[in-house]
Amino acid sequence: MEIITAVKGFKDVFPPETDKWRHIEATATDVFRTFGFGEIRIPLLEKTELFRRGIGESTDIVEKEMYTFVDRSEESLTLRPEATASVIRAYLEHALPGTEPITKLFTIGPMFRRERPQKGRYRQFHQIDVEILGPDDPHTDAELILMLMHFLSRLRIENLTLEINSLGCAQCRPAFREAVIRFLRNGKPEELCADCLRRIGTNPLRVFDCKVQRCGEIISHAPRLTEFLCPPCRDHFVKLQACLNLFEIPFNINEKMVRGLDYYTRTAFEVTTEFLGAQNAILGGGRYDHLVRDLGGPDIPGIGFAIGLERLAALTPDRGKDGEEGPLLFIAALGDRAVEKAFFLCNRLRMKGIRVEVDYTARSLKSQMKRADKLKSSFALIIGEREIDDNRALLRNMRTSTQEEVALDELEHTITKIAR
Ligand code: AMP
């Protein structure tokens with residue numbers, strides 16, 4: 001019979017990769033807590049309507065990438081393609097706006113998008129998502145970016161580029177949008193790719209981040225949003241830059257960065273690296289001052305970002321020895337009585353928090369010692385019939401290749417002492 005494989009674009013994560021993920025998640029939790037964030041856990045499944053309204057009908061995600069199905073009660077449900085809409089849904093459903101002026105939340109978990117799988121792009125991927133709801137001042141934007149860059153430096157990731165832009169607001173963006181439509185219509189629209197041609201009518205700003213070369217050339221001559229920003233948006237953007245400069249955070253202003261999602265206003269940012277090939281963005285974020293209202297809530301501004309965990313892990317340097325340390329002790333047992341003894345000792349020590357490995361199948365000594373080596377165990381204890389009778393065994397230090405005799409009934413004590 002053939003084995004059943006995973007669904008295309010869905011992947012398994014094994015050690016030591018999982019150890020790295022845990023390290024990243026623990027560092028994130030530590031840094032975010034210091035900056036005043038609490039963790040929220042939200043469902044993987046939501047009503048489809050949430051993403052239609054929250055992400056926008058004319059985005060790639062909603063148009064073609066969602067895993068949507070009708071469940072047995074005829075309700076349309078969707079596996080979440082991103083976390084922001086869900087966080088806001090939870091925020092509103094639990095009436096948080098009435099209880100606190102600022103809500104700072106983060107969540108870590110899988111997202112689902114039916115994109116074309118390739119290196120660095122999966123159909124189930126994981127994001128670290130951070131949101132601040134309430135304030136709209138530029139200090140908040142700067143604080144979020146500062147925290148993010150601090151987090152990345154804690155992971156010792158280097159050679160990153162922070163790109164920022166301002167996408168304007170409901171006051172100034174419509175005029176810019178009109179100018180872009182006029183520019184595209186008056187140029188050579190027939191030279192745009194089919195998607196961009198359609199976008200002129202639905203979401204013209206998306207032409208800015210089209211990957212097709214010709215579209216890129218055409219749009220590079222288009223008007224720039226910075227020329228259209230209203231004074232409050234301009235001030236906001238200038239203040240953000242001043243705050244980043246105060247902390248000597250280097251950044252580039254990328255006027256072509258419009259981000260894929262409809263809901264962004266004012267600050268938008270991405271962090272990119274040259275080490276990931278085509279999928280060079282490891283995170284994206286921005287301000288969304290009308291999303292809460294669009295989802296049926298009060299007019300509360302927000303800002304957030306989402307980091308791709310797979311891409312972050314690919315850039316995070318291995319932690320060397322401490323990340324892949326083996327067990328403290330490997331017990332090689334030969335014979336039934338030795339296996340019984342090993343079973344007891346091994347699990348007693350584990351319950352004291354000491355990592356111990358054992359082989360209950362009583363294979364040859366040679367193969368057991370090979371396994372102790374492979375696991376990078378610090379010590380090995382060999383127990384056979386004679387050792388049980390004598391109540392003594394040899395404890396071998398695998399690093400120094402020295403050994404000492406230990407009393408079996410004092411082993412727990414001896415090993416606990418070594419572990420300290
Ligand atoms: P977005 O929610 O589209 O702004 O994406 C934020 C980050 O999530 C990106 O910068 C990527 O690191 C990651 N990401 C988005 N889509 C995928 C995917 N299909 N596979 C892996 N990572 C992804």
Side-chain angles (χ1 to χ4, degrees), residues 6-13 17 20-21 24-25 28 42 44 46 50-51 54-56 58-67 78-88 106-131 144-145 148-149 151-152 155 157 160-165 167 203 205-206 208-211 254 256-265 267-288 291 302-316:
V7 179
K8 189 175 169 199
F10 288 62
K11 77 171 184 136
D12 304 303
V13 187
E17 185 72 359
K20 202 191 252 187
W21 283 35
I24 292 173
E25 290 166 0
I42 40 183
L44 301 192
E46 298 275 3
L50 176 70
F51 302 116
I55 302 175
S58 61
T59 54
D60 284 354
I61 294 180
V62 173
E63 275 183 350
K64 50 191 183 202
E65 294 171 359
M66 295 202 303
Y67 281 96
T78 295
L79 280 174
R80 64 180 188 192
E82 56 114 55
T84 307
S86 304
V87 171
I88 294 175
F106 74 94
T107 191
I108 304 176
M111 308 293 156
F112 305 86
R113 294 183 197 171
R114 203 175 186 291
E115 295 187 85
R116 198 167 52 79
Q118 62 186 76
K119 192 169 180 295
R121 204 205 274 160
Y122 311 98
R123 290 179 168 178
Q124 175 179 326
F125 59 98
H126 297 73
Q127 284 187 338
I128 301 174
D129 183 86
V130 180
E131 313 288 348
L144 187 72
I145 296 176
L148 165 66
M149 299 315 282
F151 165 57
L152 296 174
L155 293 176
I157 302 183
L160 296 174
T161 309
L162 168 66
E163 306 203 338
I164 62 171
N165 192 19
L167 300 182
N203 198 347
L205 303 192
R206 289 300 312 281
F208 278 99
D209 62 4
C210 180
K211 299 278 181 290
N254 177 357
K256 279 168 49 178
M257 182 179 53
V258 293
R259 309 276 304 121
L261 313 180
D262 271 0
Y263 51 56
Y264 288 116
T265 49
T267 308
F269 55 97
E270 280 185 359
V271 173
T272 57
T273 164
E274 52 197 77
F275 297 118
L276 291 177
Q279 306 303 320
N280 65 350
I282 63 164
L283 66 95
R287 175 161 279 294
Y288 44 82
L291 183 57
I303 183 167
F305 64 78
I307 314 179
L309 196 43
E310 284 81 358
R311 294 184 198 172
L312 193 59
L315 293 171
T316 303

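Because the structure is a prediction, the values reported are computed rather than measured. Start at 1 and go down the list; that is how both ligands and their atoms are numbered.
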J.: Considering distance alone, does some N or O of Ala306 sit under 3.5 Å from an N or O of ligand 1?
T.: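 No, Ala306 has no N/O under 3.5 Å of an N/O on ligand 1.
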J.: Tell me the nearest of Met111, Arg113, Gln124 to atom 2 (O) of ligand 1, using heavy-atom distances.
T.: Arg113
J.: Does this structure show an ion pair linking Arg113 with Asp60, if we count only N-O contacts that are shorter than 4.0 Å?
T.: no
J.: Could you tell me whether some N/O pair between Arg121 and ligand 1 is separated by less than 3.5 angstrom?
T.: no
J.: Relative to the heavy atoms of Glu115, which atoms of ligand 1 are at a distance of less than 4.0 Å?
T.: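 Answer for ligand 1: 16 (N), 17 (C), 18 (C), 19 (N).
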J.: Quick check: does any side chain N or O of Arg123 sit under 3.5 Å from a backbone N or O of Glu115, one acting as donor and the other as acceptor?
T.: yes
J.: Compute the shortest N/O to N/O distance between Leu283 and ligand 1 and return yes if it is under 3.5 Å, no if not.
T.: yes
J.: What pair of heavy atoms forms the shortest contact from Ala83 to Thr107, and how long is it?
T.: CB-CG2, 4.1 Å
J.: About how many Å separate CG of Leu79 and CE of Met111, when rounded to the nearest 0.5 Å?
T.: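 It is 11.0 Å, given to the nearest 0.5 Å.
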J.: For Glu310 and ligand 1, answer yes if some heavy atom of the residue is under 4.0 Å from a ligand atom, otherwise no.
T.: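 Glu310 does not count as a contact of ligand 1 under the 4.0 Å cut-off.
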J.: Quick one: does ligand 1 sit under 4.0 Å from the side chain of Glu270, the backbone, both or neither, non-hydrogen atoms only?
T.: neither
J.: Search all heavy atoms of Arg311 against all heavy atoms of Ala281 and return the closest pair with its distance.
T.: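 Of all heavy-atom pairs spanning Arg311 and Ala281, the closest is NH1-O, 2.9 Å.
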J.: Would you compute the distance between atom CG of Asn203 and atom OG1 of Thr59 and round it to the nearest 0.5 angstrom?
T.: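 Reported to 0.5 Å precision, the distance equals 8.0 Å.
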J.: Do ligand 1 and Phe125 have nitrogen or oxygen atoms that lie under 3.5 Å from each other?
T.: no
J.: Are the side chains of Leu309 and Glu25 in contact, using a 4.5 Å heavy-atom criterion?
T.: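 They are in side-chain contact.
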J.: State, to 0.1 Å, how close Ile24 and Ala313 come at their nearest heavy-atom pair, and which atoms those are.
T.: CD1-CA, 3.7 Å
J.: Can you tell which part of Glu82 has a heavy atom less than 4.0 Å from ligand 1: side chain, backbone, both or neither?
T.: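 For Glu82, no heavy atom sits under 4.0 Å from ligand 1.
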J.: Pull out every atom of ligand 1 sitting under 4.0 Å from any heavy atom of Gly120, numbered as shown with elements.
T.: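 Numbered from 1, ligand 1 contributes 20 (N), 21 (C), 22 (N).
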J.: Is there a heavy atom of Pro81 sitting under 4.0 angstrom from any atom of ligand 1?
T.: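 Judged by the 4.0 Å heavy-atom criterion, Pro81 does not count as contacting ligand 1.
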